[in-house]
Amino acid sequence: AQKITQTQPGMFVQEKEAVTLDCTYDTSDPSYGLFWYKQPSSGEMIFLIYQGSYDQQNATEGRYSLNFQKARKSANLVISASQLGDSAMYFCAMREAPPYNQGGKLIFGQGTELSVKP
Amino acid sequence: DGGITQSPKYLFRKEGQNVTLSCEQNLNHDAMYWYRQDPGQGLRLIYYSQIVNDFQKGDIAEGYSVSREKKESFPLTVTSAQKNPTAFYLCASSAGLAGGPPAKNIQYFGAGTRLSVL
């Protein structure tokens, strides 16, 4: 069963506007972490933001914030004031805690390609 | 500068040949991972290692082998048994169990190696 679902293959946003990238997940583990990574055309995966399942507040890192709705199992990434350099693939990922996940692997979604228009 | 170095950036494999992808980290991380990314897809785990001299198979280990003789290094060999090796390979590391809540443990990635078959 798909554990991480990103339903938007591609998104467009105007420079300086905000954009929301969707991510839903599925797990039976009460303790898990949710991550967002950015992958520019160069290929490197860049860590953006983390949300723990027990965190009371939504995570924020500069222009990035995570809209965490635990009951709906969603962890959407919000990018405020988009910049041209934000154009990239964005991946949502989940990590379950032991014993569900002894190896600590990340489970990735299919990604969303964001294009920022000038 | 701390980070993860993957080499080479591009690699070509001939039929029946084994090739080795290098991954070195100077972050003093215990855990290291190898992922494969196919076009338009998320990442899939090949192998992981949580400690020196120990490693485990991931979801798609067939046709691959690894070693972990040093903490800093986790080379991946793509063997001739891997019939469809063309992909982008990413190495990652994390602090392991010393890195805080088990579900957090942020993975940091190298710049990747693009492998093609001649």
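Letters go in sequence order (proteins before strands), and every chain restarts at 1. Any value given below was found using the heavy atoms of this structure, including those in side chains, with hydrogens, waters and symmetry copies removed.
- Taking NZ of Lys105(A) as the start and CZ of Arg44(B) as the end, the distance is 11.5 Å to the nearest 0.5 Å.
- Cluster membership check: Ile79(A) shares its hydrophobic cluster with Met11(A), using side-chain heavy-atom separations under 4.5 Å among Ile, Leu, Val, Met, Phe, Trp and Tyr.
- Looking only at side-chain heavy atoms (C-beta outward), Phe108(A) and Leu45(B) stay at 4.5 Å or farther from each other.
- For residues 66-91 of chain A, every residue pair satisfying the salt bridge (Lys or Arg N to Asp or Glu O under 4.0 Å) rule, not counting sequence neighbours, is listed here: Asp26(A)-Lys73(A), Arg63(A)-Asp86(A).
- Tyr54(A) does not touch chain B: none of its heavy atoms, backbone or side chain, sits under 4.5 Å away.
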> For Phe109(B) and Phe47(A), what are the C-alpha separation, side-chain angles and deciding distance, and is it a ring-ring contact (aromatic ring centres under 6.0 Å, His included)?
Replying inline: CA-CA 8 Å; Phe109(B) 286 79; Phe47(A) 166 72; over 10 Å; no
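- Taking hydrophobic clusters as Ile, Leu, Val, Met, Phe, Trp and Tyr residues chained together by side-chain heavy-atom distances below 4.5 Å, Tyr48(B) does not share a cluster with Leu21(B).
- Tracing side-chain contacts under 4.5 Å through hydrophobic residues (I, L, V, M, F, W, Y), one never reaches Phe88(B) starting from Leu118(B); they form parts of separate clusters.
- Summarising the geometry, atom CZ belonging to Phe91(A) is positioned 4.5 Å from atom CD belonging to Gln37(B); distances are rounded to the nearest 0.5 Å.
- Taking CD1 from Ile106(B) and OH from Tyr50(A), the interatomic distance works out to 8.0 Å, rounded to the nearest 0.5 Å.
- Neither the backbone nor the side chain of Gln6(B) comes within less than 4.5 Å of any heavy atom in chain A.
- Side-chain contact between Gln107(B) and Met45(A): absent, with no pair of heavy atoms (C-beta onward) separated by less than 4.5 Å.
- At a threshold of 4.5 Å between non-hydrogen side-chain atoms, the residues Glu44(A) and Tyr108(B) do not count as touching.
- By the neighbour-count criterion of 12 heavy atoms within 6.0 Å, atom CD1 of Ile51(B) is sparsely surrounded, having that number or fewer from other residues, nucleotides or ligands.
- In the hydrophobic cluster analysis, where Ile, Leu, Val, Met, Phe, Trp and Tyr join through side-chain heavy atoms closer than 4.5 angstrom, Tyr90(A) is grouped together with Ile107(A).
- Heavy-atom proximity under 4.5 angstrom to chain A picks out Asp59(B) from residues 55-87 of chain B.
- The closest side-chain heavy-atom distance from Leu90(B) to Gln39(A) is below 4.5 Å.
- By the rule that hydrophobic residues join a cluster once side-chain heavy atoms approach within less than 4.5 Å of another member, Ile4(B) and Tyr33(B) end up as members of one cluster.
- Tyr35(B) places a side-chain N or O within 3.5 Å of a backbone atom of Leu106(A) that can act as its donor or acceptor partner.
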